[in-house]
Amino acid sequence: MSAAPPHIVIQEVAPRDGLQIEPKWVKTPDKIKLIDSLSAIGFARIEVSSFVSPAAVPSLRDAAEVFAGVTRRPGTVYTALIPNRRGAELALAARADELNFVMSASETHNRANMNMTHARSLAALAEIAELAHEAGALLNATIATAFGCPFEGAQPFSKVLDIVERYLAVGVDGITLADTTGMANPNQLTHLVSAALRLVPADELTLHFHNTRGLGLVNALAAYDAGARRFDAALGGLGGCPFAPGATGNICTEDFVNLCHEIGLATGLKLQSLIDLSRRLPELVGHEVPGQVAKAGRACDLYPLPERLRGPG
Ligand code: COA
Ligand code: ZN
């Protein structure tokens, strides 16, 4: 008998969002090993790397080698982040199953991150959609800074929804609303997620949160209550955009899985396997990572009674 389908789909982004900001070079075989271990845990989607300027994000300059080295698990979609047509070509040559195009709601952040205006990003997206679909690959399109920009502040809902419509007009297969620097709050989410779900089916809409202001899991739960069902998260809570001042990690995969399981939402992921893998991250990146549950253990992992409370036997 197969397990019941998960209530929530958690997509792993540590190899891309997590490692893009790490100052220590993580060797290509170690990246491949991390991704293979994530595949074995059974994620439906893993963001493997990004095909961007190696001068902009040196830590992911081995994207092609990483794609070539990972063992593809049937049932997992292996995604590559791309900013432009060149990125799409390289990602398709590397046999990415899905391209994840990124443009920011805030034009200021789009210039800081991609050196591109909205008009230039959108023109590239139209070409990328053709390339992706000719090659039989999926195309997801992300709206970064959808809930606030570190340079411009809050972004109007109408602007974000207008970009959703532009993305849909070129035939994307999925859309991600990304809170790049943890500026979202639950009230905002209730409104924006409900409005987005009038345009995009729940299984094609992803929410991407950073825990920069400690609201990551609260926001994820608010988005779930508003109907969202797909979420990005990073093992250990790694992550952050190198071109957004003050950026910090994504919501932590194992902390989110713990939350889901404790309140009765199935994820299809085994918490202990995530914890075991997360505990290997400090050695990989050379520092402690933000995740909590890997430090504390599962809520069901109880300790022996203190000696003085144990009976005589
Ligand atoms: N992959 C690899 N190299 C790329 C590339 C891509 N997708 N796009 C451009 N390049 C190379 C060009 O070939 C050129 O190389 P050269 O200097 O050896 O000739 C160089 O990068 C600059 O190209 P140009 O088209 O002038 O781009 P730019 O300097 O205006 O930068 C981006 C634009 C989009 C390439 C760059 O800003 C970028 O990679 N941003 C990504 C940021 C990111 O990943 N942020 C975090 C994730 S949201
Ligand atoms: Zn991110």
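Both counts, for ligands and for their atoms, begin at 1 and track the order of listing. Below, all heavy atoms of this structure are taken into account, side chains as well, without hydrogens, waters or symmetry copies.
Remark: R298 CZ is packed, more than 12 non-hydrogen atoms of other residues, nucleotides or ligands lying under 6.0 Å away.
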Hey, what polar pairs (N/O, under 3.5 Å) does ligand 1 make with protein?
residue, atom, partner, partner atom, Å
ligand 1, 1 (N), V52, O, 3.3
ligand 1, 7 (N), F51, O, 2.9
ligand 1, 7 (N), N84, OD1, 2.9
ligand 1, 7 (N), G87, N, 3.1
ligand 1, 8 (N), N84, ND2, 2.9
ligand 1, 30 (O), N115, ND2, 2.7
ligand 1, 37 (O), N113, O, 3.4
ligand 1, 39 (O), S53, N, 2.7
ligand 1, 40 (N), N113, O, 3.1
ligand 1, 45 (N), N113, OD1, 2.8

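Counted by atom type alone, N258 and E254 present zero donor-acceptor pairs between their side chains at under 3.5 Å. Using modelled atom types and a 3.5 Å distance limit, the side chains of Q11 and H208 yield no donor-acceptor pair. Counted by atom type alone, D232 and T206 present zero donor-acceptor pairs between their side chains at under 3.5 Å.
A cation-pi arrangement is not found for R45 relative to Y78, the charged atom failing to lie both closer than 6.0 Å to the ring centre and inside a 45° cone about the ring normal.
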Exercise. F209 and F256: side-chain contact (heavy atoms from CB on, under 4.5 Å), yes or no, with the steps?
Worked result: CA-CA 11 Å; F209 295 115; F256 189 29; over 6 Å; no
For this session: Take E12 and T253 through the side chain to side chain donor-acceptor pair (under 3.5 Å) test and state the conclusion after the steps.
Result: CA-CA 7 Å; E12 180 56 49; T253 306; 2.6 Å; yes
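Note on the Zn ion (ligand 2): protein N/O/S atoms under 2.8 Å are D17 OD2, H208 NE2, H210 NE2.
Using bins of under 30°, 30° to 60° and over 60° for the plane-to-plane angle, the ring pair Y167/F101 lands in the perpendicular bin.
Side-chain atoms of D255 come within 3.5 Å of backbone atoms of V293 as a donor-acceptor pair (strictly under, hydrogens ignored).
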